[in-house]
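Note that the structure is predicted; figures quoted are calculated from it, not measured. All values below come from the heavy atoms of this structure, side chains included, with hydrogens, waters and symmetry mates left out. For the single chain, residues carry numbers from 1 onward in sequence order.
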Amino acid sequence: MKQLKLYGLGGQGVVTAAKVLSIAVSIYEDAYANMVPAFGHERRGAPVFTDLMIDNEPVLMNSFVYEPDIVVVFDDAMPDKKIDVSSGITKDAILVLNTADEETARQYKDTYAFKDVYYVDGTKIAQETIGKSIQNGAMLGALASTGAVKIDSVTAALKEFFGEKGGDSNAESARQAYEHTKKI
C-alpha cells in the first residue's frame with residue numbers, strides 16, 4: 001500500500017487533487033484508493049492537508065496517514081506556517097514539491113531527510129495553462145513523474161472530473177508538469 005499526504009493552502013486545489021487522484025487510480029489503473037481530507041473552516045490561504053491510500057487490494061482502512069511514503073507539497077512556504085511536512089515519513093519517503101527554486105528543493109531534502117525530492121514550478125504552469133494559480137493538475141503531473149501513477153490516468157481523470165469546461169486545460173497542466181519535473 002502507498003500512503004500519501006498532500007499539503008497546501010486553501011484555494012490551491014489540494015482536496016480536489018486527492019479526489020482526482022482517487023479517480024485516476026480506481027478507474028484508470030484498476031486499483032483501489034481511499035481519501036481522507038482534513039480541513040476545518042475552509043478559507044483561502046488556510047493550511048489544508050489530505051491523506052490518500054492506494055493499493056492493488058481494497059483499502060479497508062479509513063484513517064489519516066501517519067507514515068507517508070509520498071508527500072506532495074503545493075506551497076513551499078508550508079514550514080513558515082509551522083507545518084511539519086515530514087511528520088512520520090518512512091525512510092524511503094519521497095517529496096513532490098511545488099517550487100521554481102532548486103535551492104528550496106535542496107533545503108527541503110536536507111532539512112526533512114526525504115530520500116528523493118521531485119520539484120516543479122506548478123504555480124507557473126497552472127497560470128500558463130488554466131489561467132489561475134490553482135496547482136492541482138500540475139502537482140498531479142509532477143506526482144506522475146515519480147511513477148506513483150501513470151500520466152495518462154491523471155489526464156483522463158482530470159478531463160472526467162472537470163468536464164469540457166476545464167478538463168483539457170487541467171490535463172495540459174498535468175502533462176507540462178510531468179515533462180518539467182526535476183529530481184534531486
Side-chain angles (χ1 to χ4, degrees), residues 4-25 27-29 33 35 37 39 42-50 52 70-81 83 85 94-109 112 114 116-184:
L4 293 84
K5 198 164 209 55
L6 287 71
Y7 291 98
L9 302 175
Q12 293 179 318
V14 174
V15 175
T16 300
K19 289 177 185 176
V20 171
L21 183 56
S22 293
I23 293 168
V25 168
I27 294 177
Y28 297 101
E29 295 194 3
M35 179 191 112
F39 46 88
E42 304 86 43
R43 67 176 172 81
R44 188 167 297 279
V48 175
F49 71 89
T50 301
L52 188 72
I70 301 172
V71 175
V72 182
V73 175
F74 282 52
D75 190 305
D76 64 7
M78 293 308 288
D80 297 340
K81 307 267 187 208
I83 305 294
V85 299
I94 63 170
L95 172 69
V96 179
L97 180 63
N98 176 20
T99 187
D101 184 29
E102 181 177 350
E103 183 57 34
T104 299
R106 285 196 185 285
Q107 287 174 349
Y108 264 81
K109 185 171 185 175
Y112 297 114
F114 284 97
D116 293 313
V117 174
Y118 295 79
Y119 70 98
V120 68
D121 190 348
T123 303
K124 179 181 176 188
I125 290 171
Q127 193 65 47
E128 291 173 351
T129 55
I130 66 171
K132 299 176 183 176
S133 295
I134 302 173
Q135 303 93 340
N136 48 18
M139 294 312 293
L140 289 176
L143 176 63
S145 73
T146 72
V149 63
K150 295 179 181 96
I151 187 61
D152 290 339
S153 301
V154 167
T155 57
L158 284 163
K159 288 178 182 181
E160 178 179 324
F161 188 86
F162 288 106
E164 287 183 32
K165 185 174 181 181
D168 289 338
S169 58
N170 275 280
E172 179 61 22
S173 182
R175 190 153 308 276
Q176 282 192 30
Y178 175 78
E179 293 169 0
H180 292 94
T181 297
K182 297 175 184 163
K183 178 182 174 185
I184 295 179

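Annotation: salt bridge (Lys or Arg N to Asp or Glu O under 4.0 Å) contacts involving residues 4-24, sequence neighbours excluded, comprise K5-D51. Among pairs with a residue in residues 138-152, those fulfilling salt bridge (Lys or Arg N to Asp or Glu O under 4.0 Å) read D152-R175, at least two apart in sequence or across chains.
L97 and A105 get closest at one heavy-atom pair: CD2-CA, 3.8 Å. Smallest separation of non-hydrogen atoms from G137 and S173: C-OG, 4.1 Å. Here the shortest heavy-atom pairing between A177 and I125 reads CA-CD1, 3.6 Å. Considering all non-hydrogen atoms of both residues, I70 and A148 come closest at CD1-CB, 3.6 Å. The two atoms that bring V149 and A24 nearest to each other are CG2-CB, 4.3 Å, heavy atoms only. Contact between G13 and N136 at its shortest, heavy atoms only, is O-CB, 3.2 Å.
In this structure, N170 CG and K165 NZ are separated by 11.5 Å, a value rounded to the nearest 0.5 Å. To the nearest 0.5 Å, atom CD of residue Q135 and atom NZ of residue K124 are 14.5 Å apart. Once rounded to the nearest 0.5 Å, the distance linking CD of E128 with CD of Q176 reads 6.5 Å. For the atom pair CG of D80 and CG of D75, the computed distance is 8.5 Å after rounding to the nearest 0.5 Å. We find the CG-CG distance between L6 and L143 to be 7.5 Å, quoted to the nearest 0.5 Å.
Side-chain atoms of M35 and V15, non-hydrogen and from C-beta on, do get closer than 4.5 Å to each other. Looking at heavy atoms from C-beta onward, F49 lies out of side-chain contact with V14 at the 4.5 angstrom threshold. A heavy-atom distance below 4.5 Å is found between the side chains of M78 and Y108. With contacts defined as side-chain heavy-atom distances shorter than 4.5 Å, the pair V117/Y112 does not qualify. The closest side-chain heavy-atom distance from S169 to F162 is not below 4.5 Å. Side-chain atoms of K81 and L9, non-hydrogen and from C-beta on, do get closer than 4.5 Å to each other. You'll find the side chain of L4 reaches within 4.5 Å of the side chain of L21, heavy atoms only.
Every side-chain contact (heavy atoms from CB on, under 4.5 Å) that E160 has, sequence neighbours left out, goes to I23, I27, Y28.
The one candidate from N98, D101, T99 that meets the side chain to side chain contact (heavy atoms under 4.5 Å, CB included) condition with D121 is N98.
Crowding of K109 atom NZ: a count of heavy atoms from other residues, nucleotides or ligands under 6.0 Å exceeding 12. Counting heavy-atom neighbours within 6.0 Å of E103 CD, excluding the residue itself, gives a total above 12.
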Next item on the list: Given side-chain contact (heavy atoms from CB on, under 4.5 Å), test I184 with F114 step by step and report yes or no.
Entry: CA-CA 10 Å; I184 295 179; F114 284 97; over 6 Å; no
